[in-house]
Chemist: 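There's a structure below that I have some questions on.
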Amino acid sequence: MRFLLSDEQREFGRTLNALLGAAGTPAAVRAWASGDHKPGRALWARLAEAGVFGLAVPEEHGGMGLLPLELTVAFCELGRHAVPGPLAETVAAAVFLHRLGDGAAAGEWLPRIASGEAVVGLCAGSPYALDADAADTVFVIQDGVARRTGRHGPVQPSLDPARRLSRPLDGTVLVRGPAVAAAAAPALDLARLVTAAQSLGLGRALLTATVDHARQRTQFHAPIGSFQAVKHRLADTLIGLEFAQPLVHAAALAVAAGAPAAGREIAAAKVAAGEAAYAAARTALQLHGALGYTEELDLSLWIRKARALRDAWGTPAECRARVLAGAGASAEGPL
Amino acid sequence: MRFLLSDEQREFGRTLNALLGAAGTPAAVRAWASGDHKPGRALWARLAEAGVFGLAVPEEHGGMGLLPLELTVAFCELGRHAVPGPLAETVAAAVFLHRLGDGAAAGEWLPRIASGEAVVGLCAGSPYALDADAADTVFVIQDGVARRTGRHGPVQPSLDPARRLSRPLDGTVLVRGPAVAAAAAPALDLARLVTAAQSLGLGRALLTATVDHARQRTQFHAPIGSFQAVKHRLADTLIGLEFAQPLVHAAALAVAAGAPAAGREIAAAKVAAGEAAYAAARTALQLHGALGYTEELDLSLWIRKARALRDAWGTPAECRARVLAGAGASAEGPL
Amino acid sequence: MDLDFTPAEDAFRAEARAWLAAHVPAAPLPSLETAEGFAAHREWERQLAADRWSVVSWPEELGGRGASLFEWLAFEEEYYAAGAPGRVGQNGISLLAPTLFEHGTDAQRARVLGPMASGEVIWAQAWSEPESGSDLASLRSTAVRTAGGWLLSGQKTWSSRAAFADRAFGLFRSEQGTARPHQGLTYLMFPLDAPGVTVRPIGRLDGKPAFAELFLDEVFVPDADVIGEPGQGWRVAMSTAGNERGLTLRSPGRFTAAAGRLTALWRSAGDPSDTALRDRVADAVIGARAYQLFTYAHASRLAAGGSIGAESSLNKVFWSELDIALHETALDLLGPYGTLADDADDAPGQGSWADGYTFSLAGPIYAGTNEIQRDIVAERLLGLPKGRRA
Amino acid sequence: MDLDFTPAEDAFRAEARAWLAAHVPAAPLPSLETAEGFAAHREWERQLAADRWSVVSWPEELGGRGASLFEWLAFEEEYYAAGAPGRVGQNGISLLAPTLFEHGTDAQRARVLGPMASGEVIWAQAWSEPESGSDLASLRSTAVRTAGGWLLSGQKTWSSRAAFADRAFGLFRSEQGTARPHQGLTYLMFPLDAPGVTVRPIGRLDGKPAFAELFLDEVFVPDADVIGEPGQGWRVAMSTAGNERGLTLRSPGRFTAAAGRLTALWRSAGDPSDTALRDRVADAVIGARAYQLFTYAHASRLAAGGSIGAESSLNKVFWSELDIALHETALDLLGPYGTLADDADDAPGQGSWADGYTFSLAGPIYAGTNEIQRDIVAERLLGLPKGRRA
């Protein structure tokens with residue numbers, strides 16, 4: 001056993017972190033929220049170049065095969081930088097298309113996903129598609145039917161303005177019947193997994209920013225980070241994130257191995273990472289005080305995203321139910 | 001509106017507090033836990049003399065009529081001093097007997113309850129009766145049948161050794177049919193109400209003891225009560241108790257007025273008081289450190305009781321369900 | 001001990017209820033945090049004032065009804081239950097007015113309170129500064145003596161709704177180098193359109209310009225607009241701060257109404273067998289009832305001649321945490337619709353949950369952070385020793 | 001990155017599983033906190049040792065199997081899953097032995113470790129003193145130089161199971177008036193039946209004499225029983241303290257087994273539609289899995305030559321809170337049977353929940369309170385400034 005990221009995986013994360021740190025993502029997020037997707041699409045292209053989307057696309061379509069662990073490494077960085085766009089949706093759509101057995105759709109879209117040309121929406125289990133207005137197409141899974149559409153209703157402003165929600169409209173039927181559910185299951189699991197990874201990165205960024213603030217901000221002639229109540233809240237935030245991280249990695253390994261417990265492992269990771277990141281956002285807001293409550297501070301872009309990610313592709317309640325829906329404990333583990 | 005205890009009610013509470021403070025209750029609790037009920041029965045007699053049990057007995061049987069508010073005042077003090085015995089059970093049995101319409105049983109037991117001669121058990125909704133081994137008789141309500149018995153199975157040691165649980169056995173049938181349920185409902189509500197009051201007093205005592213300890217105990221050259229983490233935990237404990245108290249009083253008023261919302265008010269009070277006292281016990285244990293974890297410290301008598309009272313006569317889950325089972329909100333209040 | 005309103009109080013409540021039923025706009029007003037919405041809310045204040053409902057607890061000669069504390073509580077319950085608009089006049093009415101009643105001159109009261117009650121003049125508070133949040137006494141903005149008055153300079157921030165308000169009130173350092181930071185502060189009122197004032201709106205978490213920064217450059221304020229003695233501003237302000245934390249800013253009616261709406265939402269949209277959500281709804285109901293009763297007890301103590309001090313810190317922590325939990329529960333109940341903003345086409349009709357959620361998140365921060373409140377509870381109510389907090 | 005055990009590790013696990021299946025007593029042993037139970041548990045240690053299962057990670061020549069960290073983790077998983085008895089030798093094996101391996105002499109190891117592994121000598125720790133809980137460095141018990149050794153005097157407390165144990169180890173002040181309280185302490189071992197030692201059992205919350213006070217009056221200890229250099233006891237002890245908080249004392253197997261038992265209880269006794277309890281059971285499962293995986297990651301880092309420092313404070317807070325939540329959930333699931341003591345006739349069969357609950361409550365207190373751990377996490381892992389804590 002070596003339950004540690006490899007040097008290559010670490011390096012991949014560092015590269016993405018550096019790329020995104022230099023790319024001015026906050027400006028791209030703000031533009032995205034106002035409906036200007038250009039800077040976000042440019043970022044998307046650079047992420048594709050760095051190999052992010054190819055991690056969900058088979059080699060015959062220009063990708064690297066499905067690499068769940070590398071995907072979680074990448075999505076942790078995407079979350080750390082609050083990158084906008086239907087990121088989880090695009091990689092999940094890639095899995096869906098590959099599994100669906102619709103050669104034409106796969107041939108058309110998978111290479112474009114891998115190359116970053118296509119921004120793809122995915123709508124399942126919710127009335128809304130994320131960022132359909134920015135997407136080249138949206139795949140809709142509903143009532144055992146898979147559709148594809150380019151049309152959507154009006155954008156519904158939500159708590160995270162950089163997540164633009166709308167109802168997909170009409171569309172062409174791709175496949176009907178049990179094949180849809182069979183292809184949807186791994187795709188939705190993957191969406192859940194990478195959303196957990198995204199939460200993790202988001203939470204890390206929130207914690208780092210808040211620790212920095214607590215070291216610098218002075219009240220009552222002392223940095224607020226020297227007050228025990230502040231310290232303990234930050235310590236608890238770190239604990240939440242530190243114990244969520246191995247769940248995310250183990251879930252990715254389970255997916256890669258096709259383990260029967262993969263769905264439960266993913267659900268466990270999603271609960272832990274989603275709640276830890278939401279707690280990190282609450283902590284960030286509280287310890288930044290009124291400053292954290294403004295949209296002017298870039299931190300607000302992170303704070304607003306935490307609750308949406310907590311619920312996306314599986315609310316905590318849904319995921320907890322899933323954790324217990326299965327084989328059960330053995331000496332090797334409780335899942 | 002004057003939502004404040006009257007001077008007489010306050011004085012009644014103070015009198016009981018003084019009586020119990022001087023009576024060496026911890027020794028009586030320890031004796032009770034070991035099966036020696038003598039000191040506890042002596043205490044019981046003094047409480048009766050002070051008028052506690054008469055508060056649940058009609059005047060024609062030697063009591064003062066049902067005075068729910070005064071009962072909560074009294075039970076708050078009983079909780080504050082961790083008085084052992086089937087206290088809630090005895091007063092609830094009084095209500096049950098009065099409502100049951102069994103003249104013989106009422107005539108036999110109510111005067112003895114008021115005078116403190118009788119320690120009475122009550123078993124309903126649980127396989128166990130509290131302190132049946134100390135009681136003169138136990139009333140059992142089960143499947144629409146009211147029984148009375150003097151026999152019980154072996155005492156089952158539990159987390160609070162001063163609460164001696166056993167299964168009531170056999171017994172004589174008093175009444176069958178719908179009259180039983182009709183009499184049981186207000187009796188069980190009263191048991192729940194006074195248990196909430198008992199929790200409140202228990203929590204207050206735990207908080208006071210812990211604040212005293214935090215002021216005196218020194219570590220790292222400072223009283224631990226000057227550490228912000230300790231302060232905040234104690235502040236939260238106080239907040240829990242302070243907001244539970246008016247719920248207990250309002251519920252007593254609702255019972256006295258025969259208000260339709262009385263059952264919901266009682267349930268709300270029970271959740272709040274039971275959880276606040278349990279939180280106070282957890283705080284007391286944590287801040288006393290290993291000291292709090294010993295049975296030698298009298299505080300252990302309080303700590304052990306908190307969880308049992310939280311669950312007695314309605315767990316938090318049962319009470320929360322009851323809060324929502326009803327008419328619903330109006331401008332005058334949410335219950 | 002009782003919880004009974006008198007027949008007169010009941011009549012007062014009934015009159016308020018009837019008036020609200022007849023006047024509360026059927027559709028919600030546009031957001032208070034926009035120019036259009038601000039104007040609409042100002043008009044609503046005028047309507048309230050016209051029928052003497054804007055400041056019910058004030059004396060009749062000042063436009064009120066001389067309502068008792070219990071009548072005021074009943075009015076607030078009715079107000080929130082009716083779903084009436086947010087009070088754009090709130091900062092003036094609940095923060096400045098009590099200070100004027102206690103420390104102002106007759107002339108100030110005569111001049112300021114009428115237009116405040118009618119919504120003609122909307123007040124913003126100007127407490128915080130960039131370096132003075134929790135540690136309010138460390139203020140740096142100055143008031144410098146000049147002929148017939150004072151010149152204010154410096155920067156204020158987190159001034160709620162100052163983007164659209166008319167006037168502001170706050171503390172300024174009028175003496176330098178005092179022994180303690182609380183000394184040498186002066187409480188002043190000033191117009192937001194005066195020469196030297198620059199107002200820069202700040203976007204709230206949800207993008208709405210709910211507060212503003214104020215840059216002051218030698219803004220002249222006449223002596224007539226000093227409240228209390230110069231240099232005594234801290235003492236004067238503390239009565240207002242007490243009000244902000246205590247009874248007036250968050251009346252129980254707000255939470256009883258919200259708990260009622262949550263219960264209705266749960267009955268209509270919730271799954272009754274989902275005990276996890278049921279428990280949270282029940283906790284909101286229990287919390288709102290507890291807060292209402294706690295307030296009744298406090299009001300009874302005040303009516304009996306008692307006073308309230310550090311107890312208001314208990315209030316602050318309790319309602320702010322209740323408010324967040326209540327709104328989080330609503331969002332979870334609403335599922336995919338929970339995060340939709342109030343101006344979304346699909347926004348759930350039963351009240352403005354997303355907006356309320358965002359607003360609730362500010363609760364533990366403003367009017368003294370909950371960390372500070374817990375320190376106060378521990379030190380003043382429990383008698384724990386003061387520490388360095390660190 | 002992988003989570004795979006090697007074939008050798010799997011074989012090791014299978015061998016352990018088979019041995020445990022054949023040897024774990026069908027009925028639970030009497031409580032470890034009674035004379036009878038203590039003897040029964042000592043006999044169990046002997047049985048473990050006879051087949052070399054008592055100290056699997058020790059070298060073979062000392063009675064172990066030279067098990068790797070991963071083999072040890074697998075063994076612990078199997079041990080707890082099999083419901084095997086509590087380890088009465090635990091204090092010696094997990095606290096004293098690592099110190100001896102690191103700081104002891106060959107002679108000490110040769111003399112002490114064998115009888116420790118076989119259960120012949122059961123060790124108690126003697127860290128705390130009445131005035132030294134969290135602030136361990138403020139110890140007052142003394143070690144005074146005498147011919148050929150030291151005379152120990154003073155009072156130790158919270159010495160787990162010292163009522164029945166044979167020997168103890170702890171820190172004593174051998175120099176007075178040092179510049180810092182951590183200096184001048186010496187790490188010593190001493191027999192509990194020596195002249196001058198008085199052992200007074202202390203009842204735990206549930207009445208069981210789980211720990212004891214030790215009164216020492218000029219107890220002679222030869223130089224051979226000093227571990228490390230005199231005066232360097234703090235440094236020597238810290239490696240043990242790290243062990244207590246870190247990997248060894250609370251192996252993940254304990255929590256994965258408990259979560260498994262809780263899940264089984266929920267499936268058999270729970271109402272599947274009761275989502276409130278379901279969520280708490282799920283959280284216990286998630287928490288146990290997280291703790292297991294976190295430990296695997298740490299073990300991987302150690303196996304790769306890394307080290308673990310303040311990270312063990314993360315562990316301590318996490319497992320202690322998980323343990324309480326898990327047991328509270330079980331008690332709520334069991335309803336009226338939840339609070340029955342393990343020796344009650346009606347006690348629920350599926351494991352000792354009430355006893356485990358009482359035990360769990362001590363988790364946030366011992367081995368460094370969680371308050372101290374959070375300070376450590378904040379200061380050492382997050383780099384927040386040191387404060388006075390007050």
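Within every chain, numbering begins at 1; the chains are lettered A, B, ... in the order of the sequence lines, protein sequences first and strands thereafter. Model, not experiment: these values are computed from the prediction.
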Chemist: Where the side chain of A:Arg215 meets the backbone of D:Gly383, is there a donor-acceptor pair that is under 3.5 Å apart?
Modeler: yes

Chemist: Main chain of A:Gln228, side chain of D:Arg374: is a donor-acceptor contact present, judged purely on distance under 3.5 Å?
Modeler: no

Chemist: Side chain, backbone, both or neither: which part of A:Leu5 has a non-hydrogen atom closer than 4.5 Å to chain D?
Modeler: both

Chemist: Identify which of A:Ala214, A:Ala250, A:Ala244, A:Ala256 forms the greatest number of heavy-atom pairs closer than 4.5 Å to chain D.
Modeler: A:Ala250

Chemist: Given that the side chain runs from C-beta out, which part of D:Ala288 has a heavy atom under 4.5 Å from chain A: side chain, backbone, both or neither?
Modeler: both

Chemist: Examine distances only and state if a side-chain atom of D:Gln292 and a backbone atom of A:Glu332 form a donor-acceptor pair shorter than 3.5 Å.
Modeler: yes

Chemist: Out of curiosity, D:Leu293 CG to A:Gln245 CD, how far, rounded to the nearest 0.5 Å?
Modeler: 11.0 Å

Chemist: Between A:Phe243 and D:Asn315, is there a side-chain heavy-atom distance shorter than 4.5 Å?
Modeler: yes

Chemist: Do the charged groups of D:Asp375 and A:Lys231 touch, with an N to O distance under 4.0 Å?
Modeler: no

Chemist: With a 4.5 angstrom heavy-atom cut-off, could you sort out which part of A:Ala321 is near chain D: side chain, backbone, both or neither?
Modeler: both

Chemist: How close do D:Leu3 and A:Met1 get, heavy atom to heavy atom, and via which atoms?
Modeler: O-CE, 3.8 Å

Chemist: How many angstroms lie between atom SG of A:Cys319 and atom CG of D:Asp279, to the nearest 0.5 angstrom?
Modeler: 10.5 Å

Chemist: Is any residue of residues 266-287 of chain A within less than 4.5 Å of chain D by heavy atoms, and which ones?
Modeler: A:Ala268, A:Val271, A:Ala272

Chemist: So, for D:Lys386 and A:Ser226, which heavy atoms are closest and what is the spacing to 0.1 Å?
Modeler: O-CB, 4.1 Å

Chemist: Once rounded to the nearest 0.5 Å, what's the spacing between atom CG of A:Leu324 and atom CG of D:Asp283?
Modeler: 9.5 Å

Chemist: Which atoms of A:Leu234 are under 4.5 Å from chain D, going by heavy atoms: the side chain, the backbone, both sets, or neither?
Modeler: both

Chemist: Could you measure the distance from the CE atom of D:Met1 to the NE2 atom of A:His249? Nearest 0.5 Å is fine.
Modeler: 5.0 Å

Chemist: At what distance, to the nearest 0.5 angstrom, does CG of A:Asp236 lie from CD of D:Glu321?
Modeler: 6.5 Å

Chemist: How far apart are the closest heavy atoms of A:Leu4 and D:Ser300, and which atoms are they?
Modeler: CG-CB, 3.6 Å

Chemist: For chain A, which candidate among D:Ala290, D:Ala258, D:Ala378, D:Ala303 shows the most heavy-atom pairs at distances under 4.5 Å?
Modeler: D:Ala290

Chemist: Rounded at 0.5 Å granularity, tell me how far CZ in D:Arg301 sits from CZ in A:Phe3.
Modeler: 10.5 Å

Chemist: Just so I understand: if I count every heavy-atom pair under 4.5 Å between each of A:Ser6, A:Gly240, A:Ser330, A:Ala317 and chain D, which residue has the most?
Modeler: A:Ala317

Chemist: Using heavy-atom distances under 4.5 Å, tell me whether D:Thr263 contacts chain A through its side chain, its backbone, both, or neither.
Modeler: side chain

Chemist: If the contact rule is any heavy atom under 4.5 Å from chain D, which residues of residues 203-213 of chain A qualify, in numerical order?
Modeler: A:Leu207, A:Val211

Chemist: Shorter than 4.5 Å, heavy atoms on both sides: which option in D:Leu262, D:Leu382, D:Thr256, D:Thr275 has the most such pairs with chain A?
Modeler: D:Leu382

Chemist: D:Ala81 versus chain A, heavy atoms under 4.5 Å apart: side chain, backbone, both or neither?
Modeler: side chain

Chemist: Below 4.5 Å from any heavy atom of chain A, which atoms of D:Ala297 appear? Answer side chain, backbone, both or neither.
Modeler: both

Chemist: Given a strict heavy-atom distance threshold of 4.5 Å, which part of D:Asp4 is in contact with chain A: side chain, backbone, both, or neither?
Modeler: backbone

Chemist: Taking all heavy atoms of D:Ala304 and all of A:Arg2, pick out the closest pair and write down the distance.
Modeler: CB-NH1, 3.8 Å

Chemist: Quick check on D:Arg13 against chain A: is it the side chain, the backbone, both or neither that has a heavy atom closer than 4.5 Å?
Modeler: side chain

Chemist: What part of D:Phe70 gets closer than 4.5 Å to chain A, counting heavy atoms only: side chain, backbone, both or neither?
Modeler: side chain

